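Below: one structure, written as structure tokens.
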There are 2 protein chains.
Amino acid sequence: MSKQEAEVPGEVDACCPGLLTAPLHADQAVELAKVFKALGDPIRLRLLSMIASRAGGEVCVCDLTPAFDLSQPTISHHLKLLRQAGLIDCERRGTWVYYWLLPEMTDRLAGVLARPAGQPLPERPAEAGVAS
Amino acid sequence: MSKQEAEVPGEVDACCPGLLTAPLHADQAVELAKVFKALGDPIRLRLLSMIASRAGGEVCVCDLTPAFDLSQPTISHHLKLLRQAGLIDCERRGTWVYYWLLPEMTDRLAGVLARPAGQPLPERPAEAGVAS
DNA sequence: AGCTTGCATCGACAAACGTCGATCCAACAG
DNA sequence: CTGTTGGATCGACGTTTGTCGATGCAAGCT
């Protein structure tokens, strides 16, 4: 497992301290977008959440599939996308396949979205529909 | 502006301390996925980055459009999606329209992806292709 | 050897997405 | 009022995505 064509971004370019500090380069944007796109589906978010929050650190697919109203191939497909995004990895153990989180990737995303310390927050409070 | 059908998620459900601590509920997953999907495109990531990293805190569309090899309607479309996701907002000032970041949303995402303090990290080091 | 079970892969197909040119609207300049 | 410019909205069109049933493969059971 984890050895298919899987073009795992992996090294989203160690650089770039964040989206919010400097304009992203086109290549970095492409790599980052792959990962965010993987998170852009409710099923995949729930799968990732179920995997990440598991006590032992890993989950058997046989525990994931019945949690959704979707066919087994569909769940398998979503797991594949999460794996190709570098968010999870898996291993076959006997009859079953186990998935676990790769925290490096979620850490990286959190860092990319984080606002660098005391960013001034330009003067504009939080007018989300104030209709001044 | 900022007053169209724009079903801004906004309150992705103040709860949920993170994706990684407990299985996400279906509704929360749907809301979160909308925002991540908005980030799942290289153009939108670069737009957001250009807007967020701007000194004055806001950018005129006329500064954004020429930075890409895309038509003006396409850029406008991407900006609309970012706005509907609650990531940015805009205002018309005279002839020009200015966009700025809504840091609440990026903060929320960063929080959702963050690993709660000293999460054990189950024993599995970081085998990204160890092929044991 | 056969059968069964757990998952992945393979088309297929409808829905969603990214892009464009054309058009429309708001604001300013003559 | 007329013309111009910045930007949003409107179809249209090709590509990608999410889903399925059918099939393939690996591992255990009898």
Side-chain angles (χ1 to χ4, degrees), chain A residues 1-7 26 29-30 32-48 50-51 58-85 87-100, chain B residues 1-7 26 29-30 33-48 50-51 58-85 88-100:
Chain A
M1 279 312 166
S2 73
K3 53 157 171 28
Q4 57 182 88
E5 87 280 11
E7 32 183 336
V30 168
L32 263 183
K34 286 181 190 170
V35 188
F36 280 124
K37 188 177 302 185
L39 295 178
D41 180 279
I43 305 298
R44 287 196 291 272
L45 273 183
R46 290 174 63 194
L47 282 169
L48 186 70
M50 292 177 67
I51 294 172
E58 47 183 36
V59 195
C60 174
V61 175
C62 60
D63 287 335
L64 295 173
T65 305
F68 299 87
D69 241 20
L70 295 171
S71 70
Q72 174 267 318
T74 297
I75 298 297
S76 188
H77 171 66
H78 285 306
L79 288 171
K80 180 179 179 178
L81 292 188
L82 285 173
R83 192 151 51 83
Q84 289 180 338
L87 286 161
I88 59 177
D89 200 359
C90 66
E91 180 185 26
R92 174 167 216 123
R93 217 130 65 215
T95 310
W96 296 281
V97 176
Y98 293 87
Y99 280 81
W100 59 85
Chain B
M1 282 308 167
S2 71
K3 54 158 170 21
Q4 56 182 88
E5 89 279 11
E7 31 185 335
V30 168
K34 286 180 189 170
V35 189
F36 280 124
K37 188 177 300 186
L39 295 178
D41 180 279
I43 305 299
R44 288 195 292 271
L45 274 183
R46 291 174 61 195
L47 282 170
L48 185 70
M50 291 177 68
I51 295 172
E58 48 184 36
V59 194
C60 174
V61 175
C62 60
D63 287 334
L64 295 173
T65 305
F68 300 87
D69 240 19
L70 294 171
S71 71
Q72 175 268 320
T74 298
I75 298 297
S76 188
H77 171 66
H78 285 307
L79 288 171
K80 180 179 179 178
L81 292 188
L82 285 173
R83 191 152 51 86
Q84 288 181 338
I88 59 177
D89 201 358
C90 66
E91 180 184 27
R92 173 167 218 122
R93 218 129 65 216
T95 309
W96 296 280
V97 176
Y98 293 86
Y99 280 80
W100 58 85

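Keep in mind that this is a model prediction, so the values were computed, not measured. Values below: all heavy atoms of this structure, side chains included; hydrogens, waters and symmetry mates excluded. By convention in this document, chain letters (A, B, ...) are assigned in the order of the sequence lines, proteins followed by strands, and residues within each chain are numbered from 1.
Checking C/dC7, D/dT19, C/dT9 against the side-chain heavy atoms of A/Cys62 singles out C/dC7 as nearest. The listed nucleotides are D/dT9, C/dA26, D/dT19; the one nearest the side chain of B/Arg92 is C/dA26. The side chain of B/Pro73 lies closest to C/dA22, out of C/dA22, D/dA22, C/dC7. The side chain of A/Ser76 approaches C/dA8 more closely than any other nucleotide in the set C/dA8, D/dA8, D/dG18. When distances run from any side-chain atom of B/Arg44 to the nucleotides D/dG6, C/dG6, C/dG18, the shortest one goes to C/dG18. In this structure, of D/dG7, D/dG21, D/dG18, it is D/dG21 that holds the atom nearest to the side chain of A/Ser71.
B/His77 comes within contact range of at least one nucleobase, with a heavy-atom separation under 4.0 Å. B/Leu64 comes within 4.0 angstrom of no nucleic acid atom, judged by non-hydrogen atoms across all strands.
Between A/Thr74 and D/dG18, a side-chain N or O to OP1/OP2 separation shorter than 4.0 Å is absent. Phosphate proximity of D/dT17 to B/Lys37: absent, as no side-chain N or O sits under 4.0 Å from OP1 or OP2. The side chain of A/Tyr99 places an N or O atom within less than 4.0 Å of a non-bridging phosphate oxygen (OP1 or OP2) of C/dA8.
The line from CG of B/Asp41 to CG of A/Leu32 is 12.0 Å long, rounded to the nearest 0.5 Å. Distance check, rounded to the nearest 0.5 Å: CZ of B/Arg46 to NE2 of B/His78 gives 11.0 Å. In this structure, the separation between CG on B/Asp63 and CD1 on B/Ile51 is 11.0 Å, given to the nearest 0.5 Å.
In this entry the distance linking CG of B/Leu81 with P of D/dG7 reads 18 Å, nearest Å. What separates CD of A/Gln72 from P of C/dG6 is a distance of 10 Å, to the nearest Å. Between A/His78 atom NE2 and C/dC7 atom P the separation is 17 Å, expressed in whole Å. The separation between B/Glu91 atom CD and D/dG7 atom P is 14 Å, rounded to whole Å. Atom CZ in B/Arg46 sits about 15 Å away from atom C1' in C/dG18, given to the nearest Å. Put simply, CZ on B/Arg93 is 14 Å from P on C/dA27, counting in whole angstrom units. Between B/Ile75 atom CD1 and D/dA8 atom P the separation is 11 Å, expressed in whole Å. Going from atom CD of B/Gln84 over to atom P of C/dG18 covers 12 Å, rounded to whole Å.
Across the interface with DNA chain C, nearest-nucleotide mapping of A/Leu79 and B/Gly40 shows A/Leu79 to be the residue nearer the 5′ end. Each of A/Leu70 and A/Thr95 lies near DNA chain D, and the nucleotide nearest A/Leu70 is the one positioned closer to the 5' end.
Just one residue in the list A/Leu79, A/Leu82, A/Ile88 forms a side chain to side chain contact (heavy atoms under 4.5 Å, CB included) with A/Arg44, and that residue is A/Leu82.
Using a 4.5 Å cut-off on side-chain heavy atoms (C-beta onward), B/Met50 and B/Phe68 make contact. Counting only heavy atoms from C-beta outward, the side chains of B/Val97 and B/Glu91 never approach each other to under 4.5 Å.
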